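Remember, it's a predicted structure, so these values are computed and weren't measured experimentally.
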Amino acid sequence: MCIPEISVHELALRLADHDPNLQLIDVREPEEVVIASVASFTILPLSQYREWSPTIATQFTPQAETLVICHHGMRSLQMCQWLQCQGFTNVKNINGGIDAYALLVDPNIPRY
């Protein structure tokens with residue numbers, strides 16, 4: 001199963017558009033989000049999967065474009081695969097994660 005990717009530059013453009021239908025998920029841990037984050041992302045830590053997984057299809061629209069971020073792109077890739085298995089049809093992994101976003105788009109975001 002191939003997961004489409006979006007670059008951090010494309011993410012910046014998409015965020016600037018303020019598309020109300022765009023769904024943004026951050027799968028990092030709360031302590032990581034405290035260090036570095038991008039506004040508008042819903043925080044769904046993978047370690048808390050049992051708490052949020054039963055409501056994923058009601059919290060998000062399975063047909064809407066859904067972008068997933070983590071630190072470097074591996075956990076978000078896992079989440080994208082899981083979302084596809086749950087019937088989500090327009091999921092994209094953010095290539096390079098928040099680290100690449102901080103490095104290439106917004107140097108005000110701390111790197112860790």
Side-chain angles (χ1 to χ4, degrees):
M1 167 177 344
C2 184
I3 304 294
E5 290 189 328
I6 183 172
S7 75
V8 291
H9 296 293
E10 290 173 279
L11 172 62
L13 293 173
R14 297 301 307 280
L15 292 174
D17 287 342
H18 302 290
D19 181 351
N21 299 312
L22 187 62
Q23 300 179 134
L24 304 167
I25 299 174
D26 187 332
V27 296
R28 295 174 303 132
E29 297 303 309
E31 55 272 15
E32 292 177 277
V33 175
V34 168
I35 297 169
S37 63
V38 178
S40 304
F41 276 79
T42 299
I43 312 303
L44 297 178
L46 286 185
S47 66
Q48 296 173 19
Y49 170 82
R50 290 180 194 265
E51 287 88 54
W52 53 255
S53 63
T55 61
I56 198 77
T58 55
Q59 188 176 359
F60 297 94
T61 305
Q63 297 77 27
E65 185 175 12
T66 306
L67 308 181
V68 186
I69 198 168
C70 68
H71 189 202
H72 289 115
M74 296 309 295
R75 287 176 285 174
S76 53
L77 180 62
Q78 291 175 326
M79 178 67 159
C80 288
Q81 292 170 333
W82 182 80
L83 286 169
Q84 284 186 339
C85 290
Q86 303 309 305
F88 282 70
T89 57
N90 192 2
V91 178
K92 295 177 183 153
N93 187 32
I94 299 169
N95 190 15
I98 192 135
D99 190 58
Y101 193 84
L103 184 66
L104 302 171
V105 175
D106 187 349
N108 294 314
I109 295 176
R111 294 181 67 209
Y112 64 98

Is there a side-chain contact between Pro45 and Glu51 (heavy atoms, below 4.5 Å)? no

Any Phe41 side-chain heavy atom under 4.5 Å of Ile94 side chain: yes

Side chain to side chain, Tyr101 and Ile109, heavy atoms closer than 4.5 Å: yes

Do Cys70 and Glu32 touch side chain to side chain, with heavy atoms closer than 4.5 Å? no

Is a salt bridge present between Glu65 and Arg14, judged by a nitrogen-to-oxygen distance below 4.0 Å? yes

Cluster overlap Leu67 with Ile3, hydrophobic side-chain contacts below 4.5 Å: no

Should Ile56 and Val68 be counted in the same cluster of Ile, Leu, Val, Met, Phe, Trp and Tyr side chains packed under 4.5 Å apart? yes

In this structure, CD of Glu29 is separated from CZ of Arg75 (nearest 0.5 Å) by 6.5 Å

Do the non-hydrogen side-chain atoms of Val38 and Asp106 ever get within less than 4.5 Å of each other? no

Would a single hydrophobic cluster contain both Tyr49 and Ile69, if residues Ile, Leu, Val, Met, Phe, Trp and Tyr are joined by side-chain heavy-atom contacts under 4.5 Å? no

Quick check: do Leu83 and Phe60 have side-chain heavy atoms less than 4.5 Å from each other? no

If two hydrophobic side chains count as joined below 4.5 Å and joins carry through other members, does Ile43 share a cluster with Ile25? no

Working note: Val27 + Gln78, criterion side-chain contact (heavy atoms from CB on, under 4.5 Å); need CA distance, chi angles, decisive distance, verdict. CA-CA 10 Å; Val27 296; Gln78 291 175 326; over 6 Å; no

Report the distance from atom CD of Gln48 to atom CG of Leu46, rounding to the nearest 0.5 Å. 10.0 Å

Please check: side-chain N/O of Glu10 versus main-chain N/O of Ser7, any donor-acceptor pairing under 3.5 Å? yes

Tell me whether Asp26 contacts the main-chain N or O of Arg28 through its side chain, where contact means a donor paired with an acceptor under 3.5 Å. yes

Does the side chain of Leu24 reach to within under 4.5 Å of the side chain of Leu15, using non-hydrogen atoms? yes

Parallel, tilted or perpendicular: ring planes of His71 versus Tyr112, cut at 30 and 60 degrees: parallel

Flag, side chain of Asn93 to backbone of Asn95, donor-acceptor distance under 3.5 Å: no

Quick one: pull up NE2 in His72 and CG in Asp99 and give me the separation to the nearest 0.5 Å. 3.5 Å

Would you check if Leu11 and Lys92 make a side-chain contact, meaning some heavy-atom pair closer than 4.5 Å? no

Ser76, Pro4, Pro62, Cys80 screened by side chain to side chain contact (heavy atoms under 4.5 Å, CB included) with Val91, the one that passes: Cys80

When hydrophobic residues are tied together by side-chain contacts of less than 4.5 Å, even through go-betweens, does Leu103 share a cluster with Leu13? no

Closest non-hydrogen atoms of Leu44 and Trp52, given as atom of the first, atom of the second and distance, are C-NE1, 3.5 Å

Give a yes or no answer on whether the side chain of Gln86 reaches the backbone of Ala57 with a donor-acceptor pair at less than 3.5 Å. no

Distance col, row Leu22:CG vs Asn90:CG, nearest 0.5 angstrom, shows 9.0 Å

